[in-house]
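Input: a single structure, listed below in structure tokens.
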Amino acid sequence: MGFSGKRAAVLLALAAVFIELTLCQASFWTTLGSGWEDVTGSVEMTWEDVPAQELESADWEKAGMKAGEEEQISSSSGAVILRLAGLDEAVNRLHLDLSLPENVPVLATVYVRDEGNRYPCQLGKGRVLLSSVPENAWMKLYPYGRVQDLYVKLERADERGEGAGDAYGELSFGLKSVELNGRMPFLFRWPRALAIALLLAFLNALRPKSRLHGIAFLAEEGNRRGRRKRLAAMAGLTAVLIGAAWGFVRINPDCRSNLAPHHAQYQELAAALSRGEVSVGEADPLLLEVENPYDTIYLQANGIPYRADYSYYDGNYYVYFGIVPELLFYLPVYLLTGRALPNYLAVFAFFAGFILACAGLLFELMRRWFPKAPFYLYGVGMLMLTGSYSLFYLLIRPDLYHVPIIASCMFTAAGLWGWLRGLSAGRKKALWYAFGSLCMALTAGCRPQFALFSLLAVPLFWEEVFRKRELFAKKGAGRTAALILPFLAAAAGLMYYNALRFGSPLDFGASYSLTSNDMTHRGFNLSRIFYGLWYFLLEPPRMEASFPYLMSAAIETDYPGRMVSESCLGGIFACSMLSWPAFCLLCWKFFRRGTAQKGFCSAAAAVSAGVSLVIAAADATGAGILQRYSCDISFGLFLAAAVCLLLLAEWARERGVYGAFVLWLKTAVLLHAAFLFLALIQSDGSVNLLTGNPELYYSIQAMLRL
């Protein structure tokens with residue numbers, strides 16, 4: 001049964017609250033009749049950091065606390081162990097009432113000696129306690145039968161939530177009470193209730209008899225009210241996505257400053273350009289004497305100073321990252337304020353522009369070729385284009401490397417939008433063509449690989465160029481110039497900049513990078529391409545049953561050479577069902593059969609997917625297999641998948657299998673959203689939510705604990 005309108009909103013909200021009050025509070029309701037047993041007076045302590053097998057023989061000191069008191073405890077060893085000896089009772093729950101210093105994580109590990117274990121054994125993983133996440137102080141325990149002795153080891157935790165002992169300094173806290181077997185707390189969590197409400201709303205909206213399936217993308221001619229509603233919905237979705245991007249780009253405080261010294265390259269280049277220079281520094285004299293300065297392992301072994309990940313050429317350091325982000329944001333901000341623009345703000349600015357460009361691109365695509373498609377597919381398409389897990393990775397870890405990538409995504413989407421808009425723009429056709437070509441040309445000044453997406457001009461302008469030959473006629477001269485001149489102007493500027501730095505207009509300087517491998521000798525290798533395609537596209541994600549569930553998939557090969565790689569979350573096709581429609585390109589003849597619309601759209605999708613595969617091959621053999629390189633591939637594949645999704649929806653209606661299509665789509669969207677959430681909380685790698693925002697990380701962990 002489904003509902004619509006205000007009544008549906010009220011009922012769904014009530015249902016979400018009901019689930020939060022019942023199922024999500026299962027621990028509270030199942031322990032409702034229990035009362036806490038205060039055993040604080042029986043607590044013994046030791047300041048020795050002893051292993052589990054030696055706990056019984058340690059030196060224990062009676063705490064001697066009374067009810068209502070708080071004892072201040074300090075340990076220079078960074079660890080304190082509490083003991084409750086001779087309990088001889090069932091122990092299923094434990095509450096540690098502690099006064100912890102703010103932002104100091106403490107790891108609590110429980111050991112018991114019970115009916116099944118003569119010697120103390122550990123019960124599960126330790127629990128990280130934070131003053132800002134008080135609910136973690138209540139624990140469920142599952143010992144074997146009656147507990148004889150219970151031990152709680154409290155120690156300073158490192159940034160990854162593991163025991164660090166005195167490595168992080170003295171442990172100090174206030175002990176108020178220790179309680180057993182009482183009622184678990186009632187904790188109503190609004191974020192969880194909101195997530196449940198959104199899930200219910202999504203399932204209700206796409207139920208088989210939902211009105212959404214009958215709302216076409218374009219309103220009928222003369223239906224101004226319907227048109228305004230659709231535009232308002234699109235504008236609202238775009239605003240929500242931009243707002244979400246702002247939240248995610250700031251979610252990890254570590255990323256609001258440079259993660260390493262070499263992450264300040266754009267800021268250094270701004271200062272250099274303000275002085276009329278393109279170099280950001282001179283090399284140490286010792287580096288000038290090295291036969292092969294790009295062998296960084298040799299440099300490290302011999303103590304020769306160098307600047308990691310800068311381009312080194314002819315005694316000077318340069319920035320090989322694209323110049324366009326520098327000219328658009330970093331240099332103007334520096335000239336106007338004298339301050340350096342943080343990288344995370346640049347990532348947000350480009351991502352916001354990318355969202356706007358995708359909104360325009362998808363609007364033109366559906367308006368021109370899919371006007372009768374269900375309107376809700378616009379929202380799904382926006383999720384696919386802007387919310388692929390690869391691009392989401394840019395948001396939650398905004399650093400130097402991600403600036404030119406997201407800038408290229410923005411310019412590519414904006415360029416395609418301009419070209420599509422120009423096809424039906426009338427008198428302003430040349431203006432839109434020029435805008436589209438300029439954006440596409442500027443990708444070469446961000447991340448040059450994206451310039452390959454200009455090949456989409458072939459299917460886009462096939463009708464005008466090869467059939468009607470309008471661009472070759474006199475009346476089409478202006479449009480032809482609008483398409484070509486921006487590329488020539490951008491190329492001239494980039495070639496001049498390259499010549500200033502490296503003496504060649506076609507040398508972008510990436511091969512001179514002082515990175516973990518010698519790029520000047522890397523060459524081309526077919527084996528690296530095959531490995532890259534597997535890991536970029538097909539590598540299954542590695543899942544575990546315990547929080548945070550998603551682990552990085554290690555890159556393991558038998559390649560007899562230097563395989564530059566870092567652990568990744570998984571391949572694009574393996575991690576997102578929403579990318580699967582791109583597989584339909586294998587059914588080329590199916591898409592070409594029937595209308596010219598299908599032929600054009602399948603051709604455009606094929607070019608987009610093909611360019612992504614070429615970029616994947618180039619990245620794998622030219623640079624390596626890194627998580628951020630999947631972002632180069634993601635946009636083109638999801639653009640192809642979005643086009644194919646619209647074709648599949650049309651085909652499903654024609655064949656009477658639309659219900660099966662919707663069932664698949666709901667599953668794909670939910671699994672995609674779940675994977676984005678897992679990517680947010682996964683804790684592998686040097687920069688993640690656990691190390692950067694532990695309060696949020698452990699709050700999410702507690703929220704998922706019933």
Side-chain angles (χ1 to χ4, degrees), residues 238 322-329 331-332 349-369 385 404 406-498 505-506 508 600 603-604 607-608 611 635-636 639 643:
T238 303
I323 187 64
V324 171
E326 176 71 46
L327 297 178
L328 279 180
F329 290 117
L331 181 59
F350 282 119
F351 208 101
F354 174 59
I355 292 171
L356 291 171
C358 286
L361 168 61
L362 195 59
F363 175 82
E364 290 299 327
L365 178 69
M366 295 185 69
R367 183 181 68 86
R368 186 175 180 86
W369 287 290
L385 293 180
I406 191 57
S408 284
C409 288
M410 183 195 76
F411 284 122
T412 302
L416 295 175
W417 173 28
W419 282 348
L420 275 176
R421 183 70 182 89
L423 290 174
S424 55
R427 294 181 180 180
K428 296 182 180 180
K429 187 181 290 285
L431 184 62
W432 280 104
Y433 282 172
F435 169 76
S437 291
L438 178 61
C439 290
M440 296 299 287
L442 289 177
T443 59
C446 301
R447 193 149 173 84
Q449 294 95 315
F450 279 79
L452 290 173
F453 283 105
S454 297
L455 292 174
L456 279 165
V458 175
L460 283 176
F461 299 112
W462 184 269
E463 187 75 14
E464 290 192 18
V465 175
F466 297 101
R467 291 190 176 179
K468 297 181 180 179
R469 298 183 180 273
E470 292 181 359
L471 294 181
F472 296 121
K474 285 186 178 180
K475 64 178 182 179
R479 282 174 276 167
T480 303
L483 284 171
I484 296 175
L485 290 181
F487 280 98
L488 297 178
L494 290 174
M495 292 169 72
Y496 175 71
Y497 179 59
N498 289 339
L506 301 179
F508 285 84
F600 164 79
V607 172
S608 182
V611 167
F635 173 75
L639 177 60
V643 174

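- In terms of heavy atoms, Cys409 sits closest to Phe635 at SG-CB, 4.4 Å.
- Leu639 is listed as a side-chain neighbour of Leu416, based on a closest heavy-atom distance under 4.5 Å.
- Separation of atoms CZ (Arg421) and OH (Tyr433) is listed at 11.0 Å; rounding is to 0.5 Å.
- Between the side chain of Lys429 and the main chain of Leu423, a donor-acceptor pair closer than 3.5 Å is present.
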Would Leu356 and Trp417 count as a side chain to side chain contact (heavy atoms under 4.5 Å, CB included) here? Give the steps. CA-CA 10 Å; Leu356 291 171; Trp417 173 28; 5.8 Å; no

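- Formation of a donor-acceptor pair under 3.5 Å by the Ser408 side chain with backbone atoms of Pro404 is found in this model.
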When you look at Leu442 and Leu328, which way does the side chain to side chain contact (heavy atoms under 4.5 Å, CB included) test go after all the steps? CA-CA 11 Å; Leu442 289 177; Leu328 279 180; 5.8 Å; no

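- Relative orientation of the Trp419 and Phe461 rings is perpendicular, given thresholds of 30° and 60° on the angle between their planes.
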Side chains of residues 443-459: which donor-acceptor partners sit under 3.5 Å, not counting sequence neighbours?
residue: Thr443; atom: OG1; partner: Met440; partner atom: O; Å: 2.5
residue: Thr443; atom: OG1; partner: Ala451; partner atom: N; Å: 3.4
residue: Arg447; atom: NE; partner: Asp632; partner atom: OD1; Å: 2.9
residue: Arg447; atom: NE; partner: Asp632; partner atom: OD2; Å: 2.9
residue: Arg447; atom: NH2; partner: Asp632; partner atom: OD2; Å: 2.9
residue: Gln449; atom: NE2; partner: Asp619; partner atom: OD1; Å: 2.9
residue: Ser454; atom: OG; partner: Ala451; partner atom: O; Å: 3.0

Using the side chain to side chain contact (heavy atoms under 4.5 Å, CB included) rule, take Leu506 and Asn498 through it: C-alpha gap first, then chi angles, then the decisive distance, then the call. CA-CA 7 Å; Leu506 301 179; Asn498 289 339; over 6 Å; no

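- Of all the heavy atoms in Arg367 and Ser424, the pair that sits closest is NH2-OG, 2.7 Å.
- Leu460 contributes atom CG, which lies 5.5 Å from atom CG of Leu420 (distance to the nearest 0.5 angstrom).
- Looking at every heavy atom in both residues, Phe354 comes nearest to Leu385 through CZ-O, 3.3 Å.
- For the pair Ala434 and Pro486, the tightest heavy-atom approach, listed with the atom from each and the gap, is O-CG, 3.7 Å.
- Ring planes of Phe329 and Phe350: perpendicular class, angle over 60° (limits at 30 and 60°).
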